[in-house]
Amino acid sequence: MERNEIMSVLQETILQVIDKAEDSQIIESASLIDDFGADSLQVVEVVSRTMRRLKIRVRRTELSKPKNIGELVDLFEAAQQSA
């Protein structure tokens, strides 16, 4: 799956989970917490749902590293390539 497809899946999931994201532009430089006001449970839900849809697994220790959506896409892309 290409990067833009991964981003599309992530965008859909963000819109399903985080109400405040509806009126915002979901771009790679955005932060789920800082820009969309997501709490830690919403972040976990976005990540879990996205990984299920992409059929990938990422170690929990790796999931704490991304600071924005672009870095999360990078992580998902790397996980997909190593699968």
Side-chain angles (χ1 to χ4, degrees):
M1 186 175 285
E2 292 182 24
R3 182 179 185 83
N4 60 346
E5 293 172 299
I6 294 170
M7 182 66 176
S8 178
V9 169
L10 184 55
Q11 286 171 329
E12 288 174 27
T13 307
I14 290 168
L15 289 171
Q16 291 169 356
V17 176
I18 305 170
D19 294 333
K20 293 179 185 175
E22 284 184 28
D23 300 329
S24 305
Q25 196 174 19
I26 301 173
I27 56 175
E28 290 198 18
S29 62
S31 163
L32 292 175
I33 295 169
D34 297 336
D35 296 314
F36 302 122
D39 61 33
S40 58
L41 292 177
Q42 288 172 316
V43 172
V44 169
E45 187 65 23
V46 166
V47 169
S48 297
R49 285 188 190 191
T50 304
M51 288 193 307
R52 269 196 304 274
R53 287 188 56 196
L54 296 174
K55 297 181 172 100
I56 58 170
R57 296 190 119 186
V58 178
R59 295 169 59 145
R60 284 189 195 135
T61 55
E62 294 296 312
L63 290 171
S64 63
K65 294 178 182 177
K67 302 297 178 221
N68 59 40
I69 292 172
E71 291 178 11
L72 195 54
V73 172
D74 292 341
L75 188 63
F76 291 159
E77 194 173 28
Q80 200 169 42
Q81 290 171 357
S82 66

Roughly how far, to the nearest 0.5 Å, is the CD1 atom of Ile56 from the OG atom of Ser82? 8.5 Å

Output yes when a side-chain donor or acceptor of Gln11 lies under 3.5 Å from a complementary backbone atom of Ile26, and no otherwise. yes

How long is the gap from OG on Ser64 to CZ on Arg59, to the nearest 0.5 Å? 11.0 Å

Just how far is it from atom CD of Gln80 to atom CD of Glu5, taken to the nearest 0.5 Å? 8.5 Å

Over all atoms of both residues, closest heavy-atom pair of Arg53 and Thr13: NH1-OG1, 3.9 Å

Short question: side chain of Gln81, backbone of Ala78 - any donor-acceptor pair under 3.5 Å? no

Salt bridge between Glu62 and Lys65, side-chain N to carboxylate O under 4.0 Å? yes

Start with the C-alpha gap between Ile6 and Arg3, add the side-chain angles, then the distance that decides, and say whether side chain to side chain contact (heavy atoms under 4.5 Å, CB included) holds. CA-CA 5 Å; Ile6 294 170; Arg3 182 179 185 83; 5.6 Å; no

Ile27-Phe76 co-clustered via ILVMFWY side chain contacts under 4.5 Å: no

In Å and rounded to the nearest 0.5 Å, what is the CD1 to OG1 distance from Ile14 to Thr50? 7.0 Å

List the steps, then state whether salt bridge (charged side-chain N to carboxylate O under 4.0 Å, His left out) holds for Glu12 with Arg49. CA-CA 10 Å; Glu12 288 174 27; Arg49 285 188 190 191; over 6 Å; no

Phe36 versus Ile18, closest heavy-atom pair with distance: O-CG2, 3.6 Å

Heavy atoms only: give me the nearest Met7-Val73 pair and the separation to one decimal. SD-CG2, 3.7 Å

Does this structure show an ion pair linking Asp35 with Lys20, if we count only N-O contacts that are shorter than 4.0 Å? no

Locate the shortest heavy-atom distance separating Lys67 from Ser31; write the atom from each residue and the value. O-CB, 3.9 Å

Nearest 0.5 Å, what's the CE-CG distance between Met51 and Leu10? 11.5 Å

Tell me whether Leu75 is reachable from Val44 by hopping between hydrophobic residues (I, L, V, M, F, W, Y) whose side-chain heavy atoms are closer than 4.5 Å. no

For the residue pair Ile33 and Ala38, what are the closest heavy atoms and their distance? CG1-O, 3.6 Å

Where the side chain of Gln42 meets the backbone of Asp39, is there a donor-acceptor pair that is under 3.5 Å apart? yes

